[in-house]
S.K.: 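This is the structure I have questions about; it appears just below.
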Amino acid sequence: MHIPVMLKEMVDAIHPVSGGKYIDATLGGGGHSAEILKRSGPDGRLLGIDRDPDAVSRCRESLRSFGSRFTAVHSDFSNIADIAAQNGFTEIDGIVMDLGVSSYQLDEPERGFSFAEDGPLDMRMDPTYGQPASEYLASFGDDWKSLAKVLREYGEEKDSAVISKRIVRENAASPITTTGRLAEVVSDAVGGRRGSKRHPATKTFQAIRIAVNGELEEISRGVESAVSLLSEGGVLAVISFHSLEDRIVKRIFTTHEGRFVSLQQGGCKWEGRMPAVERVFRRPVTPSEEELTNNPRARSAKLRAVRRKA
């Protein structure tokens with residue numbers, strides 16, 4: 001079941017109004033898009049983007065009642081500037097991004113994102129493009145050190161060396177092609193990590209998924225482009241789910257927020273990347289206790305938002 005994370009907080013941040021132009025750069029289940037379209041009636045428009053063709057098809061069906069007010073495009077959101085121009089979206093009033101994996105992707109074993117149920121080891125957000133996770137792992141051959149670097153940098157996995165050595169060894173004996181087998185290999189490598197609330201393979205799955213989909217590069221390019229699309233007073237709101245994502249978003253927002261620097265000859269000047277923005281929230285917003293009770297998957301979410309200045 002798809003439950004949009006911090007729905008009210010996200011949509012409140014961009015404050016949709018009739019006649020406004022909005023972009024949902026990560027359509028997913030369409031929850032945020034539906035709320036934006038409702039609040040921006042009768043003639044607000046929304047452009048939705050998703051690299052997952054299933055998400056695009058699903059949202060075209062579920063949001064068809066909004067007619068020509070809603071447009072959906074299958075693409076990486078790092079292409080947001082080109083997609084916006086091609087669809088006549090300039091001077092955007094609000095852009096939302098809900099990073100990470102959608103509930104639909106996690107709940108479909110055949111997509112290979114989760115070890116909750118066994119399925120093919122795929123993990124591609126766009127199953128029509130790129131290399132599935134099983135082939136990605138096989139590409140390392142016996143080079144466990146390079147794989148360990150991926151697990152350490154993208155998964156922040158402290159046992160990256162032990163896990164990588166085991167994955168390489170097991171893959172050589174018999175190719176790892178299912179989520180269940182990979183989860184078992186990782187769990188065996190670290191002895192199950194008794195007492196831990198998280199499954200031992202959680203960080204390994206995160207690291208491989210990020211690498212297979214080039215997620216961090218996608219976020220860097222997409223967030224930077226989105227800032228430049230905003231109209232004066234327009235808001236970009238981003239929900240991240242782990243420290244690597246949040247760090248990138250925070251860094252980009254900070255560079256555009258800029259700072260005043262004192263001059264040797266007196267006075268001061270503003271230094272920062274254009275366009276200039278200001279924070280909508282002093283600190284990142286996190287889910288309420290009520291939301292966490294209803295949707296435990298929201299537990300690590302952080303919402304940051306900036307408004308474009310004149």
Side-chain angles (χ1 to χ4, degrees), residues 5-6 9-17 20-26 32 36 40 46-47 49 51 75-100 153-154 156 210 213-286 300-310:
V5 174
M6 286 194 280
E9 295 88 341
M10 172 80 101
V11 180
D12 281 352
I14 67 168
H15 189 60
V17 295
K21 288 179 288 188
Y22 305 95
I23 298 178
D24 185 342
T26 51
H32 292 112
I36 293 168
S40 64
L46 184 137
L47 172 65
I49 303 169
R51 67 199 306 188
S75 180
D76 295 344
F77 73 81
S78 57
N79 299 324
I80 188 171
D82 289 339
I83 297 167
Q86 291 162 8
N87 288 274
F89 274 72
T90 57
E91 297 289 307
I92 312 303
D93 298 296
I95 302 173
V96 297
M97 295 180 177
D98 182 355
L99 306 177
E153 293 184 358
Y154 292 165
E156 299 178 302
I210 288 173
N213 293 288
E215 290 179 38
L216 301 188
E217 297 83 356
E218 177 84 353
I219 293 168
S220 293
R221 295 196 304 269
V223 172
E224 184 64 54
S225 295
V227 173
S228 68
L229 290 174
L230 295 172
S231 63
E232 182 181 332
V235 173
L236 168 60
V238 184
I239 294 176
S240 60
F241 288 88
H242 57 74
S243 60
L244 299 178
E245 293 174 339
D246 185 57
R247 212 172 291 152
I248 293 171
V249 175
K250 182 181 179 181
R251 173 179 54 78
I252 294 174
F253 283 3
T254 300
T255 59
H256 283 274
E257 188 179 11
R259 62 194 180 103
F260 283 100
V261 179
S262 297
L263 300 174
Q264 191 172 16
Q265 64 272 32
C268 60
K269 69 173 183 177
W270 181 86
E271 284 188 355
R273 188 176 296 173
M274 297 297 290
V277 302
E278 60 186 1
R279 283 182 288 179
V280 174
F281 314 117
R282 186 175 179 186
R283 298 179 182 278
V285 176
T286 54
S300 59
K302 286 184 178 180
L303 168 62
R304 294 183 185 271
V306 290
R307 179 182 294 106
R308 181 166 178 170
K309 297 166 74 173

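All residue numbers refer to positions in the sequence shown, counting from 1.
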S.K.: Please identify each residue that fulfils side chain to side chain contact (heavy atoms under 4.5 Å, CB included) with Asp82, with sequence neighbours left out.
M.R.: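 Side chain to side chain contact (heavy atoms under 4.5 Å, CB included) check on Asp82 returns Gln86.
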S.K.: Apply the side chain to side chain contact (heavy atoms under 4.5 Å, CB included) test between Val277 and each candidate in Thr254, Val306, Leu236; give the one that qualifies.
M.R.: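 Looking at Thr254, Val306, Leu236, the match for Val277 under the side chain to side chain contact (heavy atoms under 4.5 Å, CB included) is Val306.
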S.K.: Count the heavy atoms of every other residue, nucleotide or ligand shown that sit under 6.0 Å from NE2 of His242, and state whether that count exceeds 12.
M.R.: yes
S.K.: Which residues satisfy the side chain to side chain contact (heavy atoms under 4.5 Å, CB included) test with Asn79, sequence neighbours excluded?
M.R.: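 If we apply the side chain to side chain contact (heavy atoms under 4.5 Å, CB included) test to Asn79, skipping adjacent residues, the hits are Ser75, Asp76, Ile83.
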S.K.: List in chain and number order the residues that pass salt bridge (charged side-chain N to carboxylate O under 4.0 Å, His left out) with Arg308, two or more places apart in sequence or in another chain; answer none if no residue qualifies.
M.R.: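 Partners of Arg308 under the salt bridge (charged side-chain N to carboxylate O under 4.0 Å, His left out) test: none.
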S.K.: Who passes side-chain hydrogen bond (donor to acceptor under 3.5 Å, both in side chains) against Ser240, sequence neighbours left out?
M.R.: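 Scan of Ser240 (side-chain hydrogen bond (donor to acceptor under 3.5 Å, both in side chains), adjacent residues dropped) gives Asp246.
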S.K.: Is it the case that the side chain of Thr286 and the backbone of Lys302 share a donor-acceptor pair, with hydrogens and angles ignored and the cut-off at 3.5 Å?
M.R.: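 Not a single qualifying donor-acceptor pair exists.
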S.K.: Can you name the side-chain hydrogen bond (donor to acceptor under 3.5 Å, both in side chains) partners of Arg251, sequence neighbours left out?
M.R.: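 For Arg251 there are no side-chain hydrogen bond (donor to acceptor under 3.5 Å, both in side chains) partners, ignoring immediate neighbours.
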S.K.: Could you tell me whether the side chain of Ser225 and the main chain of Gly222 form a donor-acceptor pair under 3.5 Å?
M.R.: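 No, Ser225 side chain to Gly222 backbone: no donor-acceptor pair under 3.5 Å.
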S.K.: Test Val223 against Phe253 for side chain to side chain contact (heavy atoms under 4.5 Å, CB included), laying out the working first.
M.R.: CA-CA 9 Å; Val223 172; Phe253 283 3; 3.9 Å; yes
S.K.: List the residues meeting side chain to side chain contact (heavy atoms under 4.5 Å, CB included) with Glu153, not counting sequence neighbours, and say none if there are none.
M.R.: Lys149
S.K.: Find out whether Pro275 and His256 are in side-chain contact, i.e. whether some heavy atom of one side chain is under 4.5 Å from a heavy atom of the other.
M.R.: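 Pro275 reaches His256 side chain to side chain.
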S.K.: What is the distance from atom CD1 of Ile14 to atom CD1 of Ile36, rounded to the nearest 0.5 Å?
M.R.: 3.5 Å
S.K.: Is the backbone of Asp98 close enough, under 3.5 Å, to the side chain of Thr26 for a donor and an acceptor to pair up by distance?
M.R.: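 Present.
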S.K.: Suppose we screen for salt bridge (charged side-chain N to carboxylate O under 4.0 Å, His left out). Which residues come up paired with Arg259, at least two apart in sequence or across chains?
M.R.: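 With sequence neighbours excluded, Arg259 shows a salt bridge (charged side-chain N to carboxylate O under 4.0 Å, His left out) to no residue whatsoever.
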S.K.: Working to the nearest 0.5 Å, report the span between CG of Leu47 and OH of Tyr22.
M.R.: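 Atom-to-atom, Leu47:CG and Tyr22:OH are 14.0 Å apart.
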S.K.: Does Lys21 offer a backbone N or O that forms a donor-acceptor pair with the side chain of Asp93 under 3.5 Å?
M.R.: yes
S.K.: Would you name the heavy atoms of Cys268 and Ser262 that are closest together and state the gap between them?
M.R.: CB-CA, 4.0 Å
S.K.: Sequence neighbours left out, what passes side chain to side chain contact (heavy atoms under 4.5 Å, CB included) with Val285? Give chain and number order.
M.R.: Met6, Glu9, Phe281, Leu303
S.K.: Glu278: what forms a salt bridge (charged side-chain N to carboxylate O under 4.0 Å, His left out) with it, not counting sequence neighbours?
M.R.: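 Once residues adjacent in sequence are excluded, the partners of Glu278 under the salt bridge (charged side-chain N to carboxylate O under 4.0 Å, His left out) criterion are Arg307.
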S.K.: Using atom types as modelled, flag every donor-acceptor pair under 3.5 Å from a side chain in residues 213-221 to any protein atom, sequence neighbours excluded.
M.R.:
unit_1: Asn213; atom_1: OD1; unit_2: Met125; atom_2: N; d: 2.7
unit_1: Asn213; atom_1: ND2; unit_2: Met123; atom_2: O; d: 2.8
unit_1: Asn213; atom_1: ND2; unit_2: Arg209; atom_2: O; d: 2.9
unit_1: Glu215; atom_1: OE1; unit_2: Arg209; atom_2: NH2; d: 2.9
unit_1: Glu215; atom_1: OE2; unit_2: Arg209; atom_2: NE; d: 2.7
unit_1: Glu218; atom_1: OE1; unit_2: Ser78; atom_2: OG; d: 2.9
unit_1: Glu218; atom_1: OE2; unit_2: Phe77; atom_2: N; d: 2.8
unit_1: Glu218; atom_1: OE2; unit_2: Ser78; atom_2: N; d: 3.1
unit_1: Ser220; atom_1: OG; unit_2: Leu216; atom_2: O; d: 3.2
unit_1: Arg221; atom_1: NH2; unit_2: Ser78; atom_2: OG; d: 3.4

S.K.: Quick check for you: to the nearest 0.5 Å, what is the distance between Ile23 atom CD1 and Ile80 atom CD1?
M.R.: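 Reported to 0.5 Å precision, the distance equals 4.5 Å.
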S.K.: List for me each residue that meets side-chain hydrogen bond (donor to acceptor under 3.5 Å, both in side chains) alongside Arg279, sequence neighbours excluded, and say none if there are none.
M.R.: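 Counting only residues at least two positions away or on another chain, Arg279 forms a side-chain hydrogen bond (donor to acceptor under 3.5 Å, both in side chains) with Glu257.
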S.K.: Please report the interatomic distance CD1(Ile95) to CG(Leu229), rounded to the nearest 0.5 Å.
M.R.: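 The CG atom of Leu229 is 5.0 Å from CD1 of Ile95, to the nearest 0.5 Å.
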